[in-house]
Structures are given as C-alpha cells and as structure tokens.
Asks: 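Sharing a structure here in structure tokens format.
Here the structure is a predicted model, which is why all the values come from computation and not from measurement. Keep in mind that the numbers below use all heavy atoms, side chains included, and drop hydrogens, waters and symmetry copies.
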Amino acid sequence: AGNEIPVEWQREGCDSHVLHPDMVPWQRKEASDQWQTIYVIKGKDVVNGEPGDGVFGSKELVANSEVCAEADAGMAELRKAFGGRVTG
C-alpha cells in the first residue's frame, strides 16, 4: 500500500503526457526527443510533450488542436512569459 499513486494525482495526470497515436486522428512523426512526438495537424507539425517552447501538452491538443496548429510568435510569447496554455 506504500507505493500507491494518490487518486488526486491520477485525476490530474502528468504534464509530460504524450497522446497515444491510436487515440487521435492525426498522422504521427518521430521527434528527436524520446519524450515527445509530432502530430501533423492542419498540415503543420505540432510537437506534443511537456508544455514549453514550441511544445504543446496533451491537454492543450485535446482542448483545441487547431489553435495549437496555428500558433504564432505572439502565442509563443504569452505561453513563455505567463505559462499560458491553450484551454479551448
């Protein structure tokens, strides 16, 4: 019982989560980082992994994959400066 994962952690999930390719409608490409993957969304490469510079978390992709695919420098700056995330 000492090595159980607390229920609240299970509900929250891991920020580094990568979506399983069988569970999404997008083409998958290999990423250079073993903890990331690349999905082709609206013809653009979108990196999935722990959210950060040019990388979108699974929660962001599920919330609005099209916005992630259309990310621009302004969005990148907001995500970096304020820890912003795509939520809808």
Asks: With clusters defined by side-chain heavy atoms of hydrophobic residues (ILVMFWY) lying less than 4.5 Å apart, directly or transitively, does Phe56 cluster with Val24?
Replies: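 Yes, it is one cluster - the side chains of Val24 and Phe56 are joined through contacts under 4.5 Å.
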Asks: Name all residues meeting the salt bridge (Lys or Arg N to Asp or Glu O under 4.0 Å) criterion together with Glu70; count only those two or more places apart in sequence or in a different chain, and write none if there are none.
Replies: Lys42, Lys44
Asks: Short question: side chain of Glu60, backbone of Val86 - any donor-acceptor pair under 3.5 Å?
Replies: yes
Asks: Do Leu61 and Val40 share a hydrophobic cluster (ILVMFWY, side-chain heavy atoms under 4.5 Å, transitive)?
Replies: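 No.
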Asks: Where the side chain of Gln10 meets the backbone of Ile5, is there a donor-acceptor pair that is under 3.5 Å apart?
Replies: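 Side chain of Gln10 to backbone of Ile5, a donor-acceptor pair under 3.5 Å: yes, one is there.
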Asks: Hydrophobic clustering (ILVMFWY, side-chain heavy atoms < 4.5 Å, transitive) - are Val62 and Tyr39 grouped together?
Replies: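 Per the 4.5 Å side-chain linkage, Tyr39 and Val62 are co-clustered.
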Asks: So which atom in Gly52 and which in Arg79 form the shortest heavy-atom distance, rounded to 0.1 Å?
Replies: O-NH1, 2.9 Å
Asks: Rounded to the nearest 0.5 Å, how far does CZ of Arg28 lie from NE2 of His20?
Replies: 8.5 Å
Asks: May I have all residue pairs that pass side-chain hydrogen bond (donor to acceptor under 3.5 Å, both in side chains) and include part of residues 47-57, sequence neighbours excluded?
Replies: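 Qualifying pairs, neighbours excluded: Ser16-Glu50, Asn48-Ser58.
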Asks: Within the distance-only criterion (no hydrogens, no angle test), does the side chain of Thr37 pair as donor or acceptor with the backbone N or O of Lys29 below 3.5 angstrom?
Replies: yes
Asks: Report the distance from atom NZ of Lys80 to atom CD of Glu77, rounding to the nearest 0.5 Å.
Replies: 6.5 Å
Asks: Is it true that Trp26 and Val47 fall in one hydrophobic cluster, defined by side-chain heavy atoms closer than 4.5 Å?
Replies: no
Asks: Hydrophobic clusters here meaning ILVMFWY residues chained together by side-chain heavy-atom distances under 4.5 Å, can you tell me if Val55 and Ile41 are in one?
Replies: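 Unlinked, Val55 and Ile41 end up in two clusters.
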